[in-house]
**Student:** 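To start, I am sharing the structure in question, which I have written as structure tokens.
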Amino acid sequence: MPRQVDYDSRRRRIVAAAFALVSEEGLEGMTVRDVAARAGVSVGAVQRCFPSKEEMMASVVEDMNARVSARVQGRIADSADPGSATTMLRHTLAGILPHDEPTLAESRAWLAFAAHAAVTPALAAVQREQYDGLAELVALLLRTAQASGDVHPGTDTDGEADALIALADGLGMQVLMGRRTPGEALATLDRRLAALRTAR
């Protein structure tokens, strides 16, 4: 058991080091040697945990997704109306937007991986699976809000889910490039969500 715990801990250190390097320097900074140095392990240890760079990248992407999900769930739990579908929808989409240094680092890394996924089928499959899961969740929240009368009954929930995710992705990129502030990006998202609501 101690040996397994040590292996898992080493993998987490390596993933954290790889993430930090990608967020700071892009994918060109994520060499096996630099990851090993950042994680405080040998090059051989990195290669034993991750036989290929693609496997390491996939693990970093999965780790980022888990962190974003945990952060969103925490914000929903702390909200005034955690059981509301519209509350969950807003926090889920806002969780994509960078607003501080940790989330900016995640967005920089995600963008670097997205560019690489365009020419790497294995990484594209990982990101596509995560997008599919997010789209299913957003569509479900929209349908739940529809059922409670909070979203227009004629809304195409599947199509709107894809549009909302694309909007949040684009807003996040504009924040990274300095075209919009985090507050401006969130206000744009809120306007789009408000347009879906039924009049009370």
**Student:** In the structure I gave you, are the side-chain heavy atoms of M56 and M30 within less than 4.5 Å of one another anywhere?
**Tutor:**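 Yes, their side chains come closer than 4.5 Å.
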
**Student:** Salt bridge (Lys or Arg N to Asp or Glu O under 4.0 Å), that's the test. Do D158 and R143 meet it? Break it down for me.
**Tutor:** CA-CA 9 Å; D158 289 334; R143 286 194 294 273; 3.5 Å; yes

**Student:** Would you call R128 and D132 a salt bridge, using N to O less than 4.0 angstrom?
**Tutor:**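 Not counted as a salt bridge, because no side-chain N and carboxylate O are separated by less than 4.0 Å.
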
**Student:** How close do R13 and A39 get, heavy atom to heavy atom, and via which atoms?
**Tutor:**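 Scanning both residues completely, I find the closest heavy atoms to be NE-O, 3.4 Å.
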
**Student:** Considering all heavy atoms of both residues, which atom of A112 and which atom of V22 are nearest to each other, and what is their separation?
**Tutor:**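 Closest heavy-atom pair between A112 and V22: CB-CG1, 3.9 Å.
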
**Student:** Could you check whether R38 pairs with E24 (Lys NZ or Arg NE/NH1/NH2 to Asp/Glu carboxylate O, under 4.0 Å)?
**Tutor:**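 Salt bridge present between R38 and E24.
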
**Student:** Donor-acceptor check, side chain of T181 to backbone of E184, threshold 3.5 angstrom: yes or no?
**Tutor:**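 Yes: the side chain of T181 pairs with the backbone of E184.
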
**Student:** Taking C-beta and beyond as the side chain, do S42 and R48 meet within less than 4.5 Å on heavy atoms?
**Tutor:**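 Yes, their side chains come closer than 4.5 Å.
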
**Student:** Does F113 belong to the same Ile/Leu/Val/Met/Phe/Trp/Tyr cluster as L111, with side-chain heavy atoms less than 4.5 Å apart forming each link?
**Tutor:**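 As far as the 4.5 Å side-chain criterion goes, L111 and F113 are not connected within one cluster.
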
**Student:** Test D6 against S9 for side chain to side chain donor-acceptor pair (under 3.5 Å), laying out the working first.
**Tutor:** CA-CA 5 Å; D6 179 66; S9 174; 5.6 Å; no

**Student:** Check salt bridge (charged side-chain N to carboxylate O under 4.0 Å, His left out) between E106 and all other residues, then give those that pass, not counting sequence neighbours.
**Tutor:**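 Salt bridge (charged side-chain N to carboxylate O under 4.0 Å, His left out) list for E106, sorted by chain: R67, R71.
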
**Student:** Compare all side-chain heavy atoms of F50 with those of M57 and state whether any distance is below 4.5 angstrom.
**Tutor:**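 No, every pair of side-chain atoms sits at 4.5 Å or beyond.
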
**Student:** Dump the intermediate steps for side chain to side chain contact (heavy atoms under 4.5 Å, CB included) on V41 and V35, then the final yes or no.
**Tutor:** CA-CA 9 Å; V41 300; V35 169; over 6 Å; no

**Student:** Check for me, please, whether L93 and L140 land in the same ILVMFWY cluster - side-chain distances under 4.5 Å, paths through other members count.
**Tutor:**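 Different clusters.
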
**Student:** Considering only distance and modelled atom types, tabulate donor-acceptor pairs under 3.5 Å from the side chains of residues 72-79, sequence neighbours left out.
**Tutor:**
{"from": "R75", "atom 1": "NH2", "to": "H99", "atom 2": "NE2", "distance (Å)": "3.0"}
{"from": "S79", "atom 1": "OG", "to": "I76", "atom 2": "O", "distance (Å)": "2.6"}

**Student:** Ignoring hydrogens and angles, tell me if any N or O in the side chain of S84 forms a donor-acceptor pair with the backbone of D81 under 3.5 Å.
**Tutor:**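 Here the side-chain-to-backbone pair does not exist.
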
**Student:** For the residue pair V175 and L97, establish whether any side-chain heavy-atom pair is separated by less than 4.5 Å.
**Tutor:**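 V175 does not reach L97 side chain to side chain.
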
**Student:** When you compare the side chain of L123 with that of E54, does any pair of heavy atoms fall below 4.5 Å?
**Tutor:**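 Answer no - side chains too far apart.
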
**Student:** Short question: side chain of Q146, backbone of H152 - any donor-acceptor pair under 3.5 Å?
**Tutor:**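 At least one qualifying donor-acceptor pair exists.
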
**Student:** Following the transitive rule for hydrophobic clusters with a side-chain heavy-atom cut-off under 4.5 Å over Ile, Leu, Val, Met, Phe, Trp and Tyr, establish whether L189 and V68 coincide in one cluster.
**Tutor:**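 In one cluster: yes.
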
**Student:** Which residues pass the side chain to side chain contact (heavy atoms under 4.5 Å, CB included) test with A105, sequence neighbours left out?
**Tutor:**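 A105 satisfies side chain to side chain contact (heavy atoms under 4.5 Å, CB included) with F19, S23, E101, R108 once adjacent residues are dropped.
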
**Student:** Given side chains that start at C-beta, do those of L176 and L104 come closer than 4.5 Å, heavy atoms only?
**Tutor:**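 SC-SC contact between L176 and L104 confirmed.
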
**Student:** According to ring-ring contact (aromatic ring centres under 6.0 Å, His included), does anything in residues 116-142 pair up with another residue at least two apart or in another chain? List the pairs.
**Tutor:**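 Pairs touching residues 116-142 that pass the test: W110-Y131.
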
**Student:** With a 4.5 Å cut-off on side-chain heavy atoms, are Q130 and V61 touching?
**Tutor:**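 Of all side-chain heavy-atom pairs linking Q130 with V61, at least one is under 4.5 Å.
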
**Student:** Which distance, rounded to the nearest 0.5 Å, do you find between the CZ of R197 and the OG1 of T86?
**Tutor:**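 Separation between the atoms: 6.5 Å.
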
**Student:** Among all residues two or more places apart in sequence or in another chain, which pass the side chain to side chain contact (heavy atoms under 4.5 Å, CB included) test with L134?
**Tutor:**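 Expected list: T92, I96, V138, I165.
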
**Student:** If you count every heavy atom of other residues, nucleotides or ligands that lies below 6.0 Å from E129 atom CD, does the total exceed 12?
**Tutor:**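 It does not: E129 CD has 12 such atoms or fewer within range.
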
**Student:** Are E160 and R192 close enough, and set up right, to give a salt bridge (Lys or Arg N to Asp or Glu O under 4.0 Å), and what steps lead you there?
**Tutor:** CA-CA 10 Å; E160 191 60 44; R192 179 59 197 165; 2.8 Å; yes

**Student:** Suppose we screen for side chain to side chain contact (heavy atoms under 4.5 Å, CB included). Which residues come up paired with R90, at least two apart in sequence or across chains?
**Tutor:**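 Side chain to side chain contact (heavy atoms under 4.5 Å, CB included) check on R90 returns L186, D190, L193.
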
**Student:** Check whether any side-chain heavy atom of T157 lies under 4.5 Å from a side-chain heavy atom of L141, and answer yes or no.
**Tutor:**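 No; the side chains remain at least 4.5 Å from each other.
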
